[in-house]
4 protein chains.
Amino acid sequence: MADTERRHHGNRHGRSEAARQAVLQAADDLLAEKGFAGVTMEGIAARAGVAKQTVYRWWSGKTAVLVDALVEDLAEDLTPPDHGLLALDLPAYLAQLAHVLSATDTGAVFKALIAQAQHDPAFGAGFRARYLDEQRRRDRLPLERAVARGELPAGIDVAAETDRLVGPLYYRVLVTDEPIGRDYTDRLAHDFLDRVLHERGPAAPR
Amino acid sequence: MADTERRHHGNRHGRSEAARQAVLQAADDLLAEKGFAGVTMEGIAARAGVAKQTVYRWWSGKTAVLVDALVEDLAEDLTPPDHGLLALDLPAYLAQLAHVLSATDTGAVFKALIAQAQHDPAFGAGFRARYLDEQRRRDRLPLERAVARGELPAGIDVAAETDRLVGPLYYRVLVTDEPIGRDYTDRLAHDFLDRVLHERGPAAPR
Amino acid sequence: MADTERRHHGNRHGRSEAARQAVLQAADDLLAEKGFAGVTMEGIAARAGVAKQTVYRWWSGKTAVLVDALVEDLAEDLTPPDHGLLALDLPAYLAQLAHVLSATDTGAVFKALIAQAQHDPAFGAGFRARYLDEQRRRDRLPLERAVARGELPAGIDVAAETDRLVGPLYYRVLVTDEPIGRDYTDRLAHDFLDRVLHERGPAAPR
Amino acid sequence: MADTERRHHGNRHGRSEAARQAVLQAADDLLAEKGFAGVTMEGIAARAGVAKQTVYRWWSGKTAVLVDALVEDLAEDLTPPDHGLLALDLPAYLAQLAHVLSATDTGAVFKALIAQAQHDPAFGAGFRARYLDEQRRRDRLPLERAVARGELPAGIDVAAETDRLVGPLYYRVLVTDEPIGRDYTDRLAHDFLDRVLHERGPAAPR
DNA sequence: CGCTAATCGAGACGGTACGTCTTGTCTTGGC
DNA sequence: GCCAAGACAAGACGTACCGTCTCGATTAGCG
């Protein structure tokens, strides 16, 4: 029976899942509608039909709510493809990452939070531990799989190479705010493959 | 003469330079001491020994004050070197940029403002027009000079190549918050030179 | 049997007397320690080691708890003496009343509740019906006994005369907050006796 | 010209009289409409069309606002009459006092505040110093004038006698909540006059 | 040399959001 | 059926800043 679905108003065995979802949704909506400054604890509570105290009971502030909302939304939006061939996976993933960051609500939440990380170092530490490390693992997956497949030399510094691939994307998204076309991400991927795959060829005599 | 230096209380012929300097200094100090959240118009005015209205008369908000403070400080902190040789200029500039961004008060102000640009798109547009375009011109100088000298082929896309060089630095500063060592910037510079200078060798048949 | 005395956590046979006593005691203590504002349903429950719901199950609010606490304590604190002579009973009772009101915990509870009766007329009606009428009967006892003994004329308006005797005491306790010495109560009693006992002398021609 | 009447929004030369009046009126209205519990700082500010901070700037809490409202309203509502004859002044004043206390908005404010004085001794001290002493001086005026006129013996204890006259009124208003008719106040006045004026007659041989 | 106009410090104003507190209701599982 | 535990919606608390305003003092050039 739909026993666990019943609306309830608190009990000793934990929080209300309905309230949790309403809060996360309200925060997401407010950010999309009114921007980061328009997201307030008061507004979240009102929009979610929830008491302010209920928000404060489970989250320390609006950024904490947004982090939860982001984590919830992100894993599904950004799954690295796996075609078994780096030449296919890498450009596809870079294009997907660029799109999510620059053109989705999820990307807006990410930008708001990475911004807050600049303003508040303590939050930044928590945010990076909670979310970013996971994201960076995702970013590294294409190269790691290629190493496992033998497409790339085992000695390659996957972390550093990944930084150099995604860095320019984040730079455009966060700093220059320029659109990122498919040609840009393709060129990043192509030059990386070119450099790495032929490194031990004609580049040797340098 | 020292005439205009005198502390004064208003006159019909323009603003008080003393008040302006006091405000910029107060904003800088507050950011360094208490972080972005600790910078308030009220606090700036109090610390500067100035009326709130005086701040509002000349700046639209705390971010506008910080932009002025940043512009004042930045040009001098970050002048691209010119040794006449890209292999010297490029690593030096990347290292200098990394240092300013990650380890100086000027870098802290920059991070606070680029963060605010995420939160407030209107501010972002103004900030990029007012400050960032100038900064990107500085970033492109080493490559442009090399093109002018004939060190690099004339057809190279200087803007795109610069993005790929500085992107990873901003990525580390803004996103991952990892320290950037001299070896990292040197490796970026080296690989760029390697790729570009030997491009028309074995890579030709692609 | 001792069965119902055992500390227990719920049973189907009526309320826990232990919980009831703990609640009344907690309310009394909190009032004495922190004043009326320091008495909260939450605080009472916590101090009594009882769930908030248990308090709400049996009392409608903190004032209801205090009323119960007061009723429990009061009858014994304030028993009119009976020496068989009004000239002895009246001054003794007035002094006793003044002392209880102005210098005991019971008096503090009374003051808190009569205050609440001003703030909340509905509570006031209940409080007066529940408690004050009983108290006024006590206050009238000395005069009533004197009438019964023939010390006072049968036609005297006992209620009105009592008001004029105790009114000034309540006035001092509630309004002026001045100490009430034995001489003050003695003088009240003396003048009353003087007036009533000799009324039908020279005052007659009025 | 009506220079000082101009509406203004704060300046360095003191507070807004318009805001002050609006606050006092709002507090009065709320008390009359919704009772003491219905008076909140938030509600006062909203009803007065004033910022909460403005209320807090000038008053420490809702009781402080009510004290000001009371002081403002009271002096005019309760002016002891002066017919030049105690036998006229005293009954008139007692009836006026009874009416104001038991049947006017001013009386409701008084009751709310004297109640708060029971709950909060610190407030009580301030309230008595600020307001009650003045009120007691008013209460004593009829007797004092009679002493000055020679109607009453110079040695009479005006303060104590006043307590015994008004005490029963406050007792009825605060404690028993019974209506006070003109006959009751007349009887109080009459018996006082009777007792005091004929004291040195037939009462002597007792 | 006095008038005029813009700026100055000061600070009260109407607002909004903060994070905390208490109220009274509801739900659960143990006894 | 009562109990302890505690989450819940509601809403007031007192504080901090926001951006606007009014004021009287100060100061420079114009007439």
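Order of the sequence lines fixes the chain letters, A, B, ..., with proteins taken first and strands second; residue numbering starts at 1 for each chain. Everything quoted here is computed from the prediction, not taken from an experiment.
The residues C:Arg47 and C:Glu33 are annotated as salt-bridged, a charged nitrogen and a carboxylate oxygen being separated by less than 4.0 angstrom. In this structure, A:Asp29 does not pair ionically with A:Lys34, as no charged nitrogen and carboxylate oxygen lie closer than 4.0 Å.
Residue B:Gln21 contributes atom CD, which lies 14 Å from atom P of E:dC8 at whole-angstrom precision. Between the CZ atom of A:Arg47 and the P atom of E:dA17 there is a distance of 13 Å, rounded to whole Å.
When side chains are defined from C-beta on, C:Phe36 does not count as touching D:Gln118, because their heavy atoms never get closer than 4.5 Å. In this structure, C:Tyr131 and C:Ile114 have side chains that are not in contact, with every pair of non-hydrogen atoms separated by 4.5 Å or more.
Heavy-atom nearest nucleotides on DNA chain E were determined for C:Gly61 and for D:Val50, and the one closer to the 5' end corresponds to D:Val50. Mapping B:Gln53 and D:Ser60 onto DNA chain F via the closest heavy atom, the residue that lands nearer the 5' end is D:Ser60. Summary of the strand contacts: B:Tyr56 and A:Ala51 both lie near DNA chain F, and taking for each the nucleotide with the nearest heavy atom, the more 5' one is attributed to A:Ala51.
OP1 and OP2 of F:dG19 both lie 4.0 Å or more from every side-chain N or O belonging to B:Trp59. The side chain of A:Thr54 places an N or O atom within less than 4.0 Å of a non-bridging phosphate oxygen (OP1 or OP2) of F:dA9. Between C:Arg57 and F:dC2 there is no side-chain polar atom (N or O) within less than 4.0 angstrom of OP1 or OP2. Considering only side-chain N and O atoms, D:Trp58 lies under 4.0 angstrom from the phosphate OP1 or OP2 of E:dC13.
The cationic group of B:Arg20 does not satisfy the cation-pi geometry with B:Trp58, failing either the under 6.0 Å distance to the six-membered ring centre or the 45° limit from the ring axis.
Within residues 26-44 of chain B, the residues having any heavy atom under 4.0 Å from DNA chain F are, by residue number, B:Thr40, B:Met41, B:Glu42.
With hydrogens and angles disregarded, no donor-acceptor distance shorter than 3.5 Å links the side chain of C:His119 to the backbone of D:Ala37.
Residue A:Lys52 places a side-chain atom within donor-acceptor reach of the base of E:dG19, judged by atom type and a 3.5 Å distance cut-off alone.
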